[in-house]
Amino acid sequence: MTSSIPPQAETPAIAPTAFTLVITGAPYSSQAPQTALSFARATVAAGHRIHRVFLYGDGVHLASALAAPPSDEPDWPAEWADFLKANGIQGIACIASALRRGVVDSAEQARYALPGHNLRAPFELAGLGEWVDSRLGDGKVLYFHGGR
Amino acid sequence: MTSSIPPQAETPAIAPTAFTLVITGAPYSSQAPQTALSFARATVAAGHRIHRVFLYGDGVHLASALAAPPSDEPDWPAEWADFLKANGIQGIACIASALRRGVVDSAEQARYALPGHNLRAPFELAGLGEWVDSRLGDGKVLYFHGGR
Amino acid sequence: MATLNTLHIVNRTPDQARFQHCLAALADGDALLLTENAVLALAGNHLAGVTVPVYALVADAAARSLEPGAEQGIDYAGMVSLSARAKRVISW
Amino acid sequence: MATLNTLHIVNRTPDQARFQHCLAALADGDALLLTENAVLALAGNHLAGVTVPVYALVADAAARSLEPGAEQGIDYAGMVSLSARAKRVISW
Amino acid sequence: MTTLVVIDRAPYGDWSGREALDMAFALAAFDQPVSLLFLGAGVAWLRPSEAGSDGPAGALGQKAVHRNLSAAPVFGVDEILACRASCERFGVAGNLVMPARPVDVTPELYAGYDHITFAG
Amino acid sequence: MTTLVVIDRAPYGDWSGREALDMAFALAAFDQPVSLLFLGAGVAWLRPSEAGSDGPAGALGQKAVHRNLSAAPVFGVDEILACRASCERFGVAGNLVMPARPVDVTPELYAGYDHITFAG
């Protein structure tokens, strides 16, 4: 899946890079999702490309559809989902990390006979193969970890 | 809410203590829920009492109804829920921690117009007042934190 | 049974700041209980200067292939007993 | 534009082991970027012996009332530019 | 029944300090005596901001922690203590958000509290 | 395109080591070169267990990490490296799970890998 580069984007001074962002820190526990979002916005604005966002470990909580932060705090899952949609970027939550931590889509709900599902669109569940794919591509893979 | 002491419990060598266990570490990220459960089982077996279990911070993920760990790993949310039910112990997830992290019951689903709910019975959402109540009681409050 | 003032329970590896803050808070009449990854302090030189009794959860030590001394190893029932006896418990 | 071999990005307070592992990995031709709580290294004596260029995210520094030196402070666009230029990026 | 709530993590990068502050405020709301101790990297909470009440933390999309902390005396938090050695180590010595008071953190200090807690 | 996966957290108390191992196995499954480095408290993974394959970790209700780690060469992980200084500090020197190899962790060591990653 490719990102659409907005027409107003500047041409980068160096060759455009395709970044994959791996987020391993959870929102409201770490700053990782917000640093990653600021980085992602700056990436697109500079004419580079975000190839994929991959949530791993505690980072999968960013794909929760049920977070309801106080009205005076940013809603990081919603802001990330909006950014991915607006830019046509693929968002993957690692399925093994997500199942352990209670982040599931309707297919996994059915498979494990769970009482509901809570994966927020456009995030999808997939395996570490997606990370390997990014690792083997031409771009760079950056990580946004929790703070401890 | 009082816990029922199983008839086979030994009389403790010292006066029975009412413990409140505060769990702040998440399952599958920290060992906190499993250490706390081993402690809780030993408490009941020794004729002491668990007054209340209070989930705070990342600990609220223990109250998720949607966790689906691999079949060869323990299901900590299910084991905790079974233990609480079997012993009639109150399990509270801090509502402020839970809302930020996407753990909600049907009342909060309705209030925030969320697409679902995922709080596992018998856990209930309530405020820090429950922790203050434990703090002011006769018993002891112990904390089970994440490992970093 | 000897009086136990404060039971200090620590669950973090000894390279973490919280572990060091815990050691700095120990006083005569206290005891230190190592749980989870804190049992790694049983190997190496992480408890230098500690003069209070040191306990460790055997389940955690065994999982990490460490053997507490004869007086040190306790099970969860022992942890409950220490916690009930202590005048104060600090969970670091 | 000078060659940049490895960009080391660290987001943890300087009292954490990972921060120290990062410092031990710096080599000539590399650069160090402090983000999130790592900007606390701008105060106190946490970067002794570091000879590579050090950058810090101004948003993180400002939130913590710290002021990077004139050459040090960069915004997210600067972080993107460094990341794109570097031959290798390590996220500590 | 005096409680000491200890904050040993830096603000913004970690939420546990905010959740510790909420614990202190909850005790104060029930008129219970409570003190705050900033220790280790937690002393970074005490660096005074030169900006307005919303502060430059706005650039991070987070509320500035000074607003939370400055409310502490109003809400009935008895004392705000700062580990002197940690302040020196993290370069905030002699320059604390009011009304924090530098102290030496010793077993004797902890002995003054019935209950000592961290948020995580 | 050689990747170095670094594990710097002790097992059982923290899941990130297991998730780092999964990353290494995923690369190996796609026939990509990958090495593991145990650093800091992560060297506790390398303490040999005297117990059987399920090991005493069973008492914790967790799978013993030795089983995971011993599968590494089978799955195609090229090297298992252990920081020598960390081993000494955490008292596991001279007594490592096979086939871990003690190394000095220097910039030159890291220079041998195109990509270096942690699980969290």
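Source: prediction; values computed, not measured. Proteins come first, then strands; the chains are lettered A, B, ... in the order of their sequence lines, and each starts at number 1.
Residue F:Thr3 touches chain A through both its backbone and its side chain, counting heavy-atom pairs closer than 4.5 Å. For A:Val22, no part lies under 4.5 angstrom from a heavy atom of chain F. In this structure, the portion of F:Gln32 lying under 4.5 Å from any heavy atom of chain A is its side chain and not its backbone. Within the 4.5 angstrom heavy-atom criterion, atoms from both the backbone and the side chain of F:Phe118 approach chain A. No part of A:Ile23 comes within reach of chain F, as not one of its non-hydrogen atoms sits under 4.5 angstrom from that chain.
The OG1 atom of F:Thr2 lies 7.5 Å from the OH atom of F:Tyr113; values are rounded to the nearest 0.5 Å. Note that the CD1 atom of F:Ile116 and the CG atom of F:Leu109 stand 8.0 Å from one another [nearest 0.5 Å]. Rounding to the nearest 0.5 angstrom, the gap separating the OH atom in A:Tyr143 from the CZ atom in A:Phe54 is 9.5 Å. Taking NE2 of A:His51 as the reference point, atom CD of A:Gln90 lies at 7.0 Å (rounded to 0.5 Å).
Between the side chain of A:Asn118 and the main chain of A:Asp105, no donor-acceptor pair closer than 3.5 Å is present. The closest donor-acceptor contact from the side chain of A:Asn87 to the backbone of A:Ile89 lies at 3.5 Å or more, if one exists at all.
Listed by first and then second residue, the salt bridge (Lys or Arg N to Asp or Glu O under 4.0 Å) pairs involving residues 129-139 of chain A are A:Arg52-A:Glu130, A:Arg52-A:Asp133 (not counting sequence neighbours).
Only one option out of F:Leu69, F:Leu4, F:Val6 pairs with F:Leu36 in a side chain to side chain contact (heavy atoms under 4.5 Å, CB included); it is F:Leu69.
For residues 24-33 of chain A, the interface with chain F (any heavy-atom pair closer than 4.5 Å) comprises A:Thr24, sorted by residue number. Below 4.5 Å, heavy atoms of chain F meet heavy atoms from A:Tyr56, A:Gly57, all part of residues 56-68 of chain A.
Note on ring orientation: taking the six-membered ring where Trp is involved, the planes of A:His48 and A:Phe19 are perpendicular (angle over 60°, cut-offs 30° and 60°).
Side chain to side chain, F:Asp14 and F:Ser16 meet the donor-acceptor criterion of an N or O pair below 3.5 Å.
With chain F as the partner, the residue from A:Arg101, A:Arg148, A:Arg100 showing the most heavy-atom pairs under 4.5 Å is A:Arg101.
Taking A:Gln109 as the reference, A:Ser106, A:Leu114, A:His117 meet the side chain to side chain contact (heavy atoms under 4.5 Å, CB included) condition, with sequence neighbours excluded.
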Tell me, with the steps shown, if A:Arg41 and A:Glu79 meet salt bridge (charged side-chain N to carboxylate O under 4.0 Å, His left out). CA-CA 11 Å; A:Arg41 287 177 172 147; A:Glu79 292 206 19; 3.4 Å; yes
